[in-house]
Amino acid sequence: MAVEIKFVVVRQGEEKMTFTTKKEADAYDKMLDLADNLSEWLSLAPLTLEEDQREALSFFLAENKDALGQILRGANPATPVDGQAKLKAEKNVPEKKNKSEENQVA
């Protein structure tokens with residue numbers, strides 16, 4: 001019989017996500033705290049958002065806090081927010097050749 005340890009993030013009595021390490025669970029819980037704070041802050045904005053839109057936006061911003069931080073500091077985000085865009089960018093990067101291959105080409 002195998003024993004598995006799982007870390008479950010619970011919010012308001014609802015299981016949100018299960019992780020295999022405490023570090024991952026803590027990071028997700030911290031991201032959810034940030035999303036809650038952003039949602040409260042967005043409710044003060046001078047525009048009308050439905051609650052589900054506000055929650056989705058705050059969750060998106062919390063998930064991408066590093067890119068958001070770079071944008072707020074006036075820089076372009078180092079990595080694309082969209083995972084698909086990141087994959088496309090990685091595929092377009094030419095592979096580095098090792099020295100023996102460079103000598104053969106030259």
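The structure presented is a predicted model; accordingly, all values stated were derived computationally and were not measured.
Phe60 and Leu49 fall within a single hydrophobic cluster, where Ile, Leu, Val, Met, Phe, Trp and Tyr are joined by side-chain heavy atoms under 4.5 Å apart, directly or via other members. A continuous path of Ile, Leu, Val, Met, Phe, Trp and Tyr side chains, each step under 4.5 Å between heavy atoms, connects Leu68 with Leu34, placing both in one hydrophobic cluster. Taking hydrophobic clusters as Ile, Leu, Val, Met, Phe, Trp and Tyr residues chained together by side-chain heavy-atom distances below 4.5 Å, Leu42 shares a cluster with Leu72. Both Leu47 and Leu61 are part of a single hydrophobic cluster, where members link through side-chain heavy atoms under 4.5 Å apart. Met31 and Leu38 sit in two unconnected hydrophobic clusters of ILVMFWY residues. Membership requires side-chain heavy atoms under 4.5 Å apart, directly or through other members.
The environment of CD1 in Ile5 is sparse: at most 12 heavy-atom neighbours from other residues, nucleotides or ligands sit within 6.0 Å.
Between Leu32 and Phe59, some side-chain heavy-atom pair lies under the 4.5 Å cut-off.
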Mind listing the side-chain donor-acceptor pairs of residues 19-26 below 3.5 Å, one per line with the distance, residues two or more places apart or on another chain?
residue: Thr21; atom: OG1; partner: Glu24; partner atom: N; Å: 3.2
residue: Thr21; atom: OG1; partner: Glu24; partner atom: OE1; Å: 3.1
residue: Lys22; atom: NZ; partner: Asp26; partner atom: OD1; Å: 3.4
residue: Lys22; atom: NZ; partner: Asp26; partner atom: OD2; Å: 2.9

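From Gln12, atom CD reaches atom CG of Asp36 across 7.5 Å, with rounding to the nearest 0.5 Å. Atom OH of Tyr28 is separated from atom CD of Glu63 by 7.5 Å, given to the nearest 0.5 angstrom.
With sequence neighbours excluded, the residues that form a side chain to side chain contact (heavy atoms under 4.5 Å, CB included) with Ser43 are Arg54. With sequence neighbours excluded, no residue forms a side chain to side chain contact (heavy atoms under 4.5 Å, CB included) with Glu40.
We find that Arg11 and Asp29 are joined by a salt bridge, their nearest charged nitrogen and carboxylate oxygen being less than 4.0 Å apart.
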